[in-house]
Peer 1: 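One structure coming up, written as structure tokens, with questions to follow.
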Amino acid sequence: MQYGHKAKDELFQLYSGLVNLNHGSFGTVPKSVMETQMEFMRKQEQCPELWFRKRYQCDINTARVSVASIVGAELDDIVLVENASYAINGLLRSFPFKAKDVVICFSCAYKMVMEALQFTRRFVDLEIVYIPILYPLTSEEELIENFRQEISKYEKVAMCIFDHVSSMPSIVFPVEQLTVLAKTKDAVVVIDGAHAPGMIEIDVGRIGADLYTGNCHKWLFAPKGTAFLWTKRSAQTEQFPQPCVISSSQMHDYTGRFEYTGTRDYTAFATFPAALRFVNQHLGGLLSMRVYNNALLREGSRIVRDKWKTFFIVPEEMTGFMSNIALPVQDAEKVRQLQARLQDEFHITVVYHSVALRADAAASVFNALGYNPDDSEKMVFFVRLSAQVYLELSDFELLADTVLKLIPTL
């Protein structure tokens, strides 16, 4: 097993000196996995006729077997898609919504979900409900209770879309409990698991949802453009869910209509088994990777929080490989400059965002931000930090110290 900077130098293509604390946004492909994809690309170009008419289908089926094995799914319920955004766009466009149908999400839903719902509303009059989350978030129970109160207002709900692990801020949601509540209103439940595969254990059957989509390029080291959609057998119909592209294959069953979506590069799909081999051979398997990343995130994030004298906006127990830490500077322009200078001058990549600060937050929270508790509608800027196998505690310490050094110069 190889972890830390030695793993970065030997196993990854990240340039020397880069401190990538934003792995969560785009992931990165290990050297061996990229070499496998290049081999598939060579086979594709050596005889395109053979590849597109016969070969790639076999390789994609092998990849589907690999995906099914790590999410507790039956093979016939798994299809491969380019990313979670593709899957959710396709299922929203093909779902048989009716006028006045209610769709419920939390306020931290990925912007793609919000945009796709707004697009869908151009064609059918939906009632879209976003349940607000205020920060610092206190517990899973707060999310569950907020959802229970909201869903109780409706006799029937058409669809609920839950993050398994949200993006900004990063929160591991209690999807099983939320799904149970959603089902009391006969809702179709969609889980946006964009960040979940690799980060946390997934058992699609146990969750109880109707559809689950997840990306494999973030925490499973697959090439960009590798993701999956699982659909419960009872939810599959001739019309739903559909891919975003209706192709010329004339295959209309669930798996068939996703298998070929036009002439494009399918080598990322074919490479997925190599990504799993990388995890098993070099990292000791998914469990070992999770142990390392969870421990690194916990200790590294505490170092940053303590040096900055701020706070977590999401409880530690509700994070996976990504933490959310309030910045020690809260001026929007200074925060923008800070991120740019970290990357341009120090080669440290981070991503920041702002969320609504709850009025009943502890006094220490307001003091850390320099706010008056009597002020209303305050926002809090935070950074989302990622732990990954090529990072070490020294990377978190470097970020914390560099930020403190830069703030007086902004």
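These numbers were taken from a predicted model, which means no experiment stands behind them.
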Peer 1: Would a distance-only check, ignoring hydrogens and angles, find a side-chain to backbone donor-acceptor pair under 3.5 Å from Lys183 to Ala187?
Peer 2: yes
Peer 1: Kindly assign one of parallel, tilted or perpendicular to the pair Phe162 and Phe147, based on the angle between their ring planes and the thresholds 30° and 60°.
Peer 2: perpendicular
Peer 1: Would a line drawn from the ring center of Phe221 to the ring center of Phe12 be shorter than 6.0 Å?
Peer 2: yes
Peer 1: Can you confirm whether Thr310 sits close enough to Trp308 that some side-chain heavy atom of one is under 4.5 Å from a side-chain heavy atom of the other?
Peer 2: yes
Peer 1: Check the pair Thr402, Arg341 against side chain to side chain donor-acceptor pair (under 3.5 Å), reporting the backbone distance first and the verdict last.
Peer 2: CA-CA 10 Å; Thr402 304; Arg341 291 185 63 185; over 6 Å; no
Peer 1: Could you give the side-chain donor-acceptor pairs of residues 326-340 under 3.5 Å, partners two or more places apart or in another chain?
Peer 2:
from   : atom 1 : to     : atom 2 : distance (Å)
Gln330 : OE1    : Phe381 : N      : 2.7
Gln330 : NE2    : Leu327 : O      : 3.1
Gln330 : NE2    : Phe381 : O      : 3.0
Asp331 : OD2    : Glu333 : N      : 3.2
Asp331 : OD2    : Lys334 : N      : 3.0
Glu333 : OE1    : Arg336 : NE     : 3.2
Glu333 : OE2    : Arg336 : NE     : 3.2
Glu333 : OE2    : Arg336 : NH2    : 2.6
Glu333 : OE2    : Gln337 : NE2    : 3.2
Gln339 : NE2    : Val350 : O      : 2.9

Peer 1: Between Asn20 and Gln388, is there a side-chain donor-acceptor contact under 3.5 Å, judged purely by atom types and distance?
Peer 2: no
Peer 1: Quick check: does any side chain N or O of Arg64 sit under 3.5 Å from a backbone N or O of Ile78, one acting as donor and the other as acceptor?
Peer 2: yes
Peer 1: Does some side-chain heavy atom of Gln118 sit less than 4.5 Å from a side-chain heavy atom of Ile128?
Peer 2: yes
Peer 1: Going by salt bridge (Lys or Arg N to Asp or Glu O under 4.0 Å), name the pairs with one or both residues in residues 308-317, residues two or more places apart or in two chains.
Peer 2: Arg298-Glu316, Arg302-Glu316
Peer 1: Determine whether a donor-acceptor pair (N or O, by modelled atom type, separation under 3.5 Å) exists between the side chain of Asp101 and the backbone of Leu126.
Peer 2: no
Peer 1: Measure the acute angle between the ring planes of His282 and Phe278, then classify it against the limits of 30° and 60° as parallel, tilted or perpendicular.
Peer 2: tilted
Peer 1: Would you mind reporting whether Leu357 and Met379 have side-chain heavy atoms less than 4.5 Å apart?
Peer 2: no
Peer 1: Roughly how far apart are Met159 CE and Thr120 OG1, rounded to 0.5 Å?
Peer 2: 8.5 Å
Peer 1: Could you tell me which residues satisfy side-chain hydrogen bond (donor to acceptor under 3.5 Å, both in side chains) with Thr36, sequence neighbours excluded, listed by chain and number?
Peer 2: none
Peer 1: When you check the side-chain N and O atoms of Asn22 and Ser25, is any donor under 3.5 Å from an acceptor?
Peer 2: yes
Peer 1: Look only at the side chain of Thr213 and the backbone of Asp192, and say whether a donor-acceptor pair between them is shorter than 3.5 Å.
Peer 2: no
Peer 1: How long is the gap from CD1 on Ile151 to CD1 on Ile131, to the nearest 0.5 Å?
Peer 2: 8.0 Å
Peer 1: Going by atom types only, do Thr349 and Gln343 share a side-chain donor-acceptor pair under 3.5 Å?
Peer 2: no
Peer 1: Does the side chain of Thr231 come under 3.5 Å of the side chain of Tyr254 through a donor N or O and an acceptor N or O?
Peer 2: yes
Peer 1: What distance separates Leu286 CG from Asn293 CG, expressed to the nearest 0.5 Å?
Peer 2: 11.0 Å
Peer 1: Measuring from Leu296:CG to Tyr3:OH, what's the distance to the nearest 0.5 Å?
Peer 2: 11.5 Å
Peer 1: Suppose we screen for side-chain hydrogen bond (donor to acceptor under 3.5 Å, both in side chains). Which residues come up paired with His195, at least two apart in sequence or across chains?
Peer 2: Trp219
Peer 1: Just checking Phe26: does its CZ atom have more than 12 heavy atoms from other residues, nucleotides or ligands closer to it than 6.0 angstrom?
Peer 2: no
Peer 1: Tyr56 vs Tyr266 aromatic rings, parallel, tilted or perpendicular, using cut-offs 30° and 60°?
Peer 2: parallel
Peer 1: Residues two or more places apart in sequence or in another chain: which of them pass side chain to side chain contact (heavy atoms under 4.5 Å, CB included) with Lys6?
Peer 2: Gln2, Glu10
Peer 1: Could you check whether any side-chain N or O of Asn146 sits under 3.5 Å from a backbone N or O of Leu143, counting only pairs where one atom can act as donor and the other as acceptor?
Peer 2: no
Peer 1: For Ala222, enumerate each residue passing the side chain to side chain contact (heavy atoms under 4.5 Å, CB included) test, keeping only those at least two apart in sequence or located in another chain.
Peer 2: Cys216, Thr226, Phe272, Ala275
Peer 1: Among pairs that include at least one residue of residues 245-270, which meet salt bridge (Lys or Arg N to Asp or Glu O under 4.0 Å), considering only residues two or more places apart or in two chains?
Peer 2: Glu82-Arg264
Peer 1: Does any non-hydrogen side-chain atom of Leu399 lie less than 4.5 Å from one of Val19?
Peer 2: no
Peer 1: State whether the side chain of Asn294 and the backbone N or O of Arg290 hold a donor-acceptor pair below 3.5 Å, judged by distance alone.
Peer 2: yes
Peer 1: Rounded to the nearest 0.5 Å, what's the gap from CD1 on Ile313 to CG on Asn324? Could you check?
Peer 2: 5.0 Å
Peer 1: Any chance CD of Gln13 has more than 12 other-residue heavy atoms, nucleotides or ligands included, within less than 6.0 Å?
Peer 2: yes
Peer 1: Is the backbone N or O of Val204 less than 3.5 Å from a side-chain atom of Trp230, with the two atoms forming a donor-acceptor pair by type?
Peer 2: no
Peer 1: May I have the list of side-chain donor-acceptor pairs in residues 167-181 shorter than 3.5 Å, sequence neighbours left out?
Peer 2:
from   : atom 1 : to     : atom 2 : distance (Å)
Ser167 : OG     : Arg384 : NH1    : 3.2
Glu176 : OE2    : Arg206 : NE     : 3.2
Thr179 : OG1    : Val175 : O      : 2.7

Peer 1: Sorted by first residue and then second, give each salt bridge (Lys or Arg N to Asp or Glu O under 4.0 Å) pair with at least one member in residues 220-237; sequence neighbours left out.
Peer 2: Asp77-Arg233, Asp210-Lys232
Peer 1: Supply the atom-to-atom distance Asn61 CG to Leu80 CG, rounded to the nearest 0.5 angstrom.
Peer 2: 8.5 Å
Peer 1: Between Arg121 and Glu127, does at least one N-O distance fall below 4.0 Å, as a salt bridge requires?
Peer 2: no
Peer 1: Give a yes or no on whether the ring-centroid distance for His23 and Tyr390 is below 6.0 angstrom.
Peer 2: yes
Peer 1: Between Leu211 and Leu229, is there a side-chain heavy-atom distance shorter than 4.5 Å?
Peer 2: yes
Peer 1: Taking side-chain hydrogen bond (donor to acceptor under 3.5 Å, both in side chains) as the test, write out the residues that go with Ser323, two or more places apart.
Peer 2: Ser301
Peer 1: Looking at every non-hydrogen atom in both residues, tell me the closest pair between Val33 and Ala274 and how far apart they are.
Peer 2: CG2-O, 3.9 Å
Peer 1: Check step by step if ring-ring contact (aromatic ring centres under 6.0 Å, His included) holds for Tyr15 and His347.
Peer 2: CA-CA 10 Å; Tyr15 69 78; His347 306 278; 5.7 Å; yes
Peer 1: Test your reading of the model: is there a side-chain donor-acceptor pair from Tyr260 to the backbone of Ser247, 3.5 Å cut-off?
Peer 2: no
Peer 1: Evaluate the side-chain contact (heavy atoms from CB on, under 4.5 Å) criterion for residues Phe97 and Asp125: first the C-alpha distance (whole Å), next the side-chain angles of each, then the deciding distance (0.1 Å), finally the verdict.
Peer 2: CA-CA 9 Å; Phe97 286 116; Asp125 183 20; over 6 Å; no
Peer 1: What pairs with Glu150 under salt bridge (charged side-chain N to carboxylate O under 4.0 Å, His left out), at least two apart in sequence or on another chain?
Peer 2: Lys153
Peer 1: Spell out, as yes or no, whether a donor-acceptor pair under 3.5 Å connects the side chain of Lys218 to the backbone of Gly24.
Peer 2: yes
Peer 1: With sequence neighbours left out, which residue pairs that include part of residues 18-34 fulfil the salt bridge (Lys or Arg N to Asp or Glu O under 4.0 Å) condition?
Peer 2: none
Peer 1: Determine yes or no for a side-chain-to-main-chain donor-acceptor pair under 3.5 angstrom, with Glu142 supplying the side chain and Thr138 the backbone.
Peer 2: yes
